[in-house]
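These notes concern the structure reproduced below.
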Amino acid sequence: AQDADHVALFQSICKWSVMVGSAERVPHVMREAFRRAMTGNPGPVHIDFTRDAVEDGTVEFHPAAPSEYRASGHKCHRVQGTGHNGRETH
């Protein structure tokens, strides 16, 4: 299972699937994951961490307030990045 392409495997069943290759990217990816999970129809996201990202030590992370990633009675804008099908979204 370690050699499986987990990002591709989860793309069809999640709103977003991403690989994190370094510890420095963890805070950004976590914030983006919360935004994507809570924007529009709430749904699951998948984050896969490489061994380097896990073993590089600690990173400073300050979670965003829920009001920063949840819709408040109106449609949220789509976050730019790669969608569940691997295509860019805006």
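Considering only residues two or more places apart in sequence or on other chains, E55 meets the salt bridge (Lys or Arg N to Asp or Glu O under 4.0 Å) condition with R51.
Residues M30 and V20 share a single hydrophobic cluster, defined by chaining ILVMFWY side chains whose heavy atoms lie under 4.5 Å apart. Transitive grouping of hydrophobic side chains (ILVMFWY, heavy atoms separated by less than 4.5 Å) keeps V7 and V29 in distinct clusters. Linking Ile, Leu, Val, Met, Phe, Trp and Tyr whenever their side-chain heavy atoms come within less than 4.5 Å puts L9 and I13 in one cluster. A single hydrophobic cluster is seen to contain both V59 and V18, as judged by linkage of ILVMFWY side chains at heavy-atom distances under 4.5 Å, directly or through other members.
Side-chain N or O atoms of R25 include one that pairs as donor or acceptor with a backbone N or O of M19 at under 3.5 Å. A donor-acceptor contact shorter than 3.5 Å is absent between the side chain of K15 and the backbone of H46.
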Worksheet item: Can you list the steps and then say if F34 with V45 is a side-chain contact (heavy atoms from CB on, under 4.5 Å)?
Response: CA-CA 8 Å; F34 272 97; V45 295; over 6 Å; no
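Residue F10 comes nearest to S17 through the heavy atom pair CB-OG, 3.7 Å, listed as atom of the first residue, atom of the second, then distance.
Atom-to-atom distance recorded for D52:CG and S22:OG is 8.5 Å, nearest 0.5 angstrom.
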